[in-house]
A.B. asks: 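Below are the structure tokens for one structure; questions will follow.
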Amino acid sequence: MSLAMAEDDSATKIHLPADINWEMLDKSKFFFLGAALFSCVSGSLYPIVVLKTRQQVMINAIPCFKMASSILRTEGYRGFYSGFGTSLMGTIPARALYTCALEVTKSHLGNAGISQLGFSDASASAIANAAAGLSAAVAAQLVWTPVDVVSQRLMVHKNKYNGGIDAFRKILYSDGVKGLYRGFGLSILTYAPSNALWWASYSAANRLIWSGCKPEGKQVVAAQGLSAAMASGVSALVTMPFDTIKTRLQVSDREGGGLRGGGGGGLLESMRSLVKEGGLGACYRGLGPRWASMSLSATTMITTYEFLKRLSTKDQDI
């Protein structure tokens with residue numbers, strides 16, 4: 001099946017850009033180019049992740065710009081990239097798992113199969129995308145959780161560890177393998193619904209934008225970016241409390257008696273400590289950086305991802 005045929009098929013009811021499925025991709029080119037492109041994306045957005053993480057673990061709320069100035073003054077530009085090496089090492093396999101699970105699920109589930117259950121095309125598309133996002137998030141967390149634990153420790157306890165390997169070794173020695181997967185359950189609760197909600201919202205927003213329009217040139221990229229930003233706002237707002245508690249659990253340090261406000265304990269203790277500090281509002285500390293990070297990441301990711309899929313098609317008949 002060529003890309004041009006897919007374009008014709010997709011335009012029967014609504015003029016959406018062509019959907020390139022898993023069978024149409026050159027897998028070696030897809031994963032090789034994807035590793036390079038998404039590593040660049042991760043590097044450009046990493047400082048915002050550092051800001052978000054530090055805000056979430058502070059006892060008292062600190063404005064984003066004030067914290068950024070403090071990091072720049074005390075640690076220099078390198079402070080915004082604490083733990084980046086470790087994070088980058090996990091980005092490549094995690095992204096590979098994520099994209100593989102996403103595309104395989106979408107390819108096997110498909111809008112047509114769901115439409116046969118009585119759903120409209122729009123609902124079928126949202127359900128297929130939500131299921132794909134859910135499976136992709138679960139698969140990626142097998143790699144991302146230990147990477148998150150190590151990189152977030154480096155973001156917050158920078159002076160305690162001599163790089164990612166040293167942090168990995170000390171965590172493994174003090175807490176065992178379980179320590180590397182601290183917050184895994186919350187990660188699933190955070191990222192699985194978040195991804196399902198994001199992909200469903202993205203599908204709905206994309207169809208809404210393109211209803212009655214035919215995509216042309218750069219308008220396709222603009223529509224994808226706008227859809228991604230809209231979906232990120234919804235997802236960030238719904239899942240923020242889970243992300244804050246997860247982050248506190250992951251950066252808590254038994255050796256050091258716990259992080260500021262982290263408690264160094266379990267889920268319930270972290271929740272009680274957080275609510276005691278600032279009520280419900282404390283659960284949304286770092287919402288600004290997280291929304292900005294998710295929006296920028298999602299906008300960049302989806303446009304890069306669609307560009308990557310077009311570069312990696314076996315049939316370049318566009």
Side-chain angles (χ1 to χ4, degrees), residues 31 34-54 56-57 81-105 132-157 161 163-165 167-168 171-172 175-199 232 235-236 238-252 267 286 289-290 293-294 296-298 300-302 304-305:
F31 287 119
L37 288 172
F38 285 118
S39 293
C40 293
V41 171
S42 297
S44 64
L45 298 175
Y46 195 77
I48 301 176
V49 178
V50 172
L51 283 175
K52 185 267 300 182
T53 300
R54 295 205 183 183
Q56 286 178 317
V57 300
Y81 282 90
S82 298
F84 177 65
T86 301
S87 178
L88 187 60
M89 287 175 61
T91 294
I92 296 174
R95 283 289 184 190
L97 276 173
Y98 184 94
T99 54
C100 184
L102 180 74
E103 290 299 329
V104 169
T105 304
L134 184 69
S135 66
V138 173
Q141 283 309 307
L142 294 172
V143 175
W144 264 125
T145 298
V147 170
D148 265 351
V149 169
V150 174
S151 61
Q152 287 175 351
R153 293 279 187 99
L154 291 171
M155 289 179 199
V156 180
H157 299 294
Y161 303 108
I165 294 176
F168 177 86
I171 295 170
L172 195 61
D175 298 335
V177 175
K178 187 171 68 173
L180 292 171
Y181 279 89
R182 180 177 292 181
F184 178 73
L186 269 177
S187 293
I188 297 297
L189 285 175
T190 299
Y191 293 118
S194 174
N195 269 266
L197 180 61
W198 190 93
W199 280 103
S232 297
S235 181
V238 172
T239 61
M240 188 66 200
F242 294 108
D243 187 66
T244 301
I245 297 169
K246 173 192 72 71
T247 299
R248 288 200 164 205
L249 272 176
Q250 291 179 331
V251 301
S252 62
L267 174 61
R290 184 168 189 250
S293 176
M294 286 185 67
L296 287 171
S297 178
T300 309
M301 183 274 291
I302 199 65
T304 301
Y305 186 59

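Side-chain atoms are counted along with the backbone in the values below, which use heavy atoms only and exclude waters and symmetry mates.
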A.B. asks: Between Phe31 and Thr99, is there a side-chain heavy-atom distance shorter than 4.5 Å?
C.D. replies: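 They are in side-chain contact.
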A.B. asks: Which residues pass the side chain to side chain contact (heavy atoms under 4.5 Å, CB included) test with Ser44, sequence neighbours left out?
C.D. replies: none
A.B. asks: So do Trp198 and Val238 actually touch side chain to side chain, heavy atoms under 4.5 Å?
C.D. replies: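 Val238 vs Trp198: side chains apart.
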A.B. asks: Enumerate, atom names and distances included, each donor-acceptor pair closer than 3.5 Å involving a side-chain atom of residues 138-150, sequence neighbours excluded.
C.D. replies:
residue, atom, partner, partner atom, Å
Gln141, OE1, Thr145, OG1, 3.0
Thr145, OG1, Gln141, O, 3.1

A.B. asks: Could you state the interatomic distance from OH (Tyr305) to OH (Tyr98), rounded to the nearest 0.5 Å?
C.D. replies: 8.5 Å
A.B. asks: Check Ser39 against Ala35 and note the closest heavy-atom contact, atom names and distance.
C.D. replies: OG-O, 2.6 Å
A.B. asks: Any pair with a residue in residues 43-54 that passes salt bridge (Lys or Arg N to Asp or Glu O under 4.0 Å), sequence neighbours left out, goes on the list, sorted by first then second residue, please.
C.D. replies: Lys52-Asp243, Arg54-Glu75
A.B. asks: Which residues pass the side chain to side chain contact (heavy atoms under 4.5 Å, CB included) test with Leu172, not counting sequence neighbours?
C.D. replies: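 With sequence neighbours excluded, Leu172 shows a side chain to side chain contact (heavy atoms under 4.5 Å, CB included) to Phe168, Val177, Leu180, given in chain and number order.
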A.B. asks: Just jot down the side chain to side chain contact (heavy atoms under 4.5 Å, CB included) partners of Val104, sequence neighbours excluded, or say none.
C.D. replies: Trp22, Cys100, His108
A.B. asks: Taking side chain as C-beta onward, heavy atoms only, is Tyr46 less than 4.5 Å from Met155?
C.D. replies: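 Tyr46 vs Met155: side chains touch.
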A.B. asks: With Ser87, which residues qualify under side-chain hydrogen bond (donor to acceptor under 3.5 Å, both in side chains), at least two apart?
C.D. replies: none
A.B. asks: Is the backbone N or O of Met294 less than 3.5 Å from a side-chain atom of Ser232, with the two atoms forming a donor-acceptor pair by type?
C.D. replies: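 Side chain of Ser232 to backbone of Met294, a donor-acceptor pair under 3.5 Å: yes, one is there.
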A.B. asks: Thr244: what forms a side chain to side chain contact (heavy atoms under 4.5 Å, CB included) with it, not counting sequence neighbours?
C.D. replies: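 If we apply the side chain to side chain contact (heavy atoms under 4.5 Å, CB included) test to Thr244, skipping adjacent residues, the hits are Gln56, Met240, Leu274.
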A.B. asks: Going by the rule side-chain hydrogen bond (donor to acceptor under 3.5 Å, both in side chains), which residues pair with Ser135 if we only count those two or more places apart in sequence or in a different chain?
C.D. replies: Thr105
A.B. asks: Roughly how far, to the nearest 0.5 Å, is CG of Asn195 from CD1 of Ile188?
C.D. replies: 10.0 Å
A.B. asks: Would you name the heavy atoms of Ala192 and Leu134 that are closest together and state the gap between them?
C.D. replies: CB-CD1, 3.4 Å
A.B. asks: What's the spacing between Phe84 CZ and Thr86 OG1 if we round to 0.5 Å?
C.D. replies: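 It comes to 10.5 Å.
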A.B. asks: Using side-chain hydrogen bond (donor to acceptor under 3.5 Å, both in side chains) as the criterion, list what pairs up with Tyr81, not counting sequence neighbours.
C.D. replies: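 Scan of Tyr81 (side-chain hydrogen bond (donor to acceptor under 3.5 Å, both in side chains), adjacent residues dropped) gives none.
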A.B. asks: Closest approach of Gly164 and Leu154, non-hydrogen atoms and distance?
C.D. replies: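 So the two residues come closest at CA-CD1, 3.7 Å.
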A.B. asks: Within this structure, what is the CD1-CE distance for the pair Ile165 and Met89, rounded to the nearest 0.5 Å?
C.D. replies: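 Those atoms lie 6.5 Å apart.
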A.B. asks: Name all residues meeting the side-chain hydrogen bond (donor to acceptor under 3.5 Å, both in side chains) criterion together with Ser194; count only those two or more places apart in sequence or in a different chain, and write none if there are none.
C.D. replies: Ser235
